[in-house]
There are 2 protein chains.
Amino acid sequence: MQLRRLERHPKRFGDAGLLTPSEIHTIEAIGDEGGVRMSELAGRLGVTKGAVTQIVSRLEEKELLTRSPHPHDSRATVLTLSEKGKEAFRAHEDVHDRFYERLRARLSDSEIDIFEKGLRTLIESLED
Amino acid sequence: MQLRRLERHPKRFGDAGLLTPSEIHTIEAIGDEGGVRMSELAGRLGVTKGAVTQIVSRLEEKELLTRSPHPHDSRATVLTLSEKGKEAFRAHEDVHDRFYERLRARLSDSEIDIFEKGLRTLIESLED
DNA sequence: GTCATTTGGTATAGTAACTAAACCTTTTCA
DNA sequence: TGAAAAGGTTTAGTTACTATACCAAATGAC
């Protein structure tokens, strides 16, 4: 099966324009509630804080999020999605929902459990 | 599920040393029969011929394959795995085999069919 | 209280894995 | 026979990182 080469190209998410997989994944990890620190985000994404600085800077330039100082810790920065960022977030949720609809159209609930069991086995095998 | 961030790091394949995912994937696509042209390989991998030139050059430097002129078409180059390259190929096949063993330990044949059906749905969804 | 350590974030250089475009050389074929 | 197609290389640029060095603010052991 061709699992490589997947999800490489930028896609359009609503009015937010073209976003790379990393960009939309970062937006997804911040969430529409916002109030996430840089280091917390690095943990969620499983990358270094340097990587987060870079992608967050790009998303800030694109006006998809805002950086603001942490109220009680002046070292820290908290991130919040802008309206445009929230729109991208919702558009991405829709993509997820459409995938699950498609999956449910083809597999029953118990079959989806089996699919997820297989996926976990695949992920496990790729990890070592 | 965390499908991103997978299969990013170089791994050891027998005596062939550390190989990046792209490198081992290229070796897999050439196969132990060899005799593959650059452009044929680009098609198999789904990348441009420029990309193939680059990765093949690196594999040639690492002595995992050899370039030779095509016997009947002097424009073309044919690729063949060296012994070290074939060893990496076999080591990679073993990884595949171990994955399927693990999968069969957890899922029956009909459940594996369901898993693959789910995977196809996932791939389809990522494509559009 | 103060000073070393930890934590939060940034900056910079380097790498992998590409694409796109320009280019050169053969081959094909109308 | 000459234009177009096909095979391959080169170069510059992009994305998505890591590692390292760095600075400022917070913590906490004494």
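Just so we're on the same page: letters track the sequence lines, and every chain starts at 1. Computed from a prediction, not measured in an experiment: that's the story for all the values here.
Residue-environment remark: CD (Glu93(B)) exceeds the threshold of 12 foreign heavy atoms within 6.0 Å.
With rounding to whole Å, His70(A) atom NE2 is found 11 Å from dT27(D) atom P. One can place CG of Leu45(B) at 13 Å from P of dG8(D), the figure rounded to the nearest angstrom. One interatomic measurement links the two molecules: CZ of Arg8(A) to P of dT19(C), which rounds to 9 Å at whole-angstrom precision. If you take CD of Glu61(A) and P of dT14(D), they are 13 Å apart, rounded to a whole angstrom. When the C1' atom of dT14(D) is taken as reference, atom CD of Glu23(A) falls 12 Å away, rounded to whole Å. Separating the NE2 atom of His9(A) from the P atom of dT14(D) is a distance of 18 Å, rounded to the nearest angstrom. Rounded to whole Å, atom P of dG7(D) lies 16 Å from atom NE2 of His72(B). Between the CD1 atom of Ile24(B) and the P atom of dA17(C) there is a distance of 12 Å, rounded to whole Å.
Checking the phosphate oxygens (OP1, OP2) of dA19(D), no side-chain nitrogen or oxygen of Thr48(A) falls inside 4.0 Å.
To the nearest 0.5 Å, the span separating OG1 on Thr26(B) from CG on Leu19(B) amounts to 10.0 Å.
Contacts of Glu111(B) classified as salt bridge (charged side-chain N to carboxylate O under 4.0 Å, His left out), with partners at least two apart in sequence or in another chain: none.
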Kindly determine whether Thr66(A) and Ser68(A) satisfy side-chain hydrogen bond (donor to acceptor under 3.5 Å, both in side chains), including the steps that lead there. CA-CA 6 Å; Thr66(A) 56; Ser68(A) 47; 5.2 Å; no
What verdict does the side chain to side chain contact (heavy atoms under 4.5 Å, CB included) test give for Leu103(B) and Tyr100(B), after you've listed the backbone C-alpha separation in whole Å, the side-chain angles of each residue and the deciding distance to 0.1 Å? CA-CA 5 Å; Leu103(B) 198 61; Tyr100(B) 267 102; 4.1 Å; yes
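Salt bridge status for Arg120(A) with Glu124(A): absent, with no side-chain N to carboxylate O gap under 4.0 Å.
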Reading nucleotides 6-16 of chain C from 5' to 3' and marking B where a protein heavy atom lies under 4.0 Å of the base, S where only the sugar-phosphate is that close, and - otherwise, the string is -BBBBBB---S
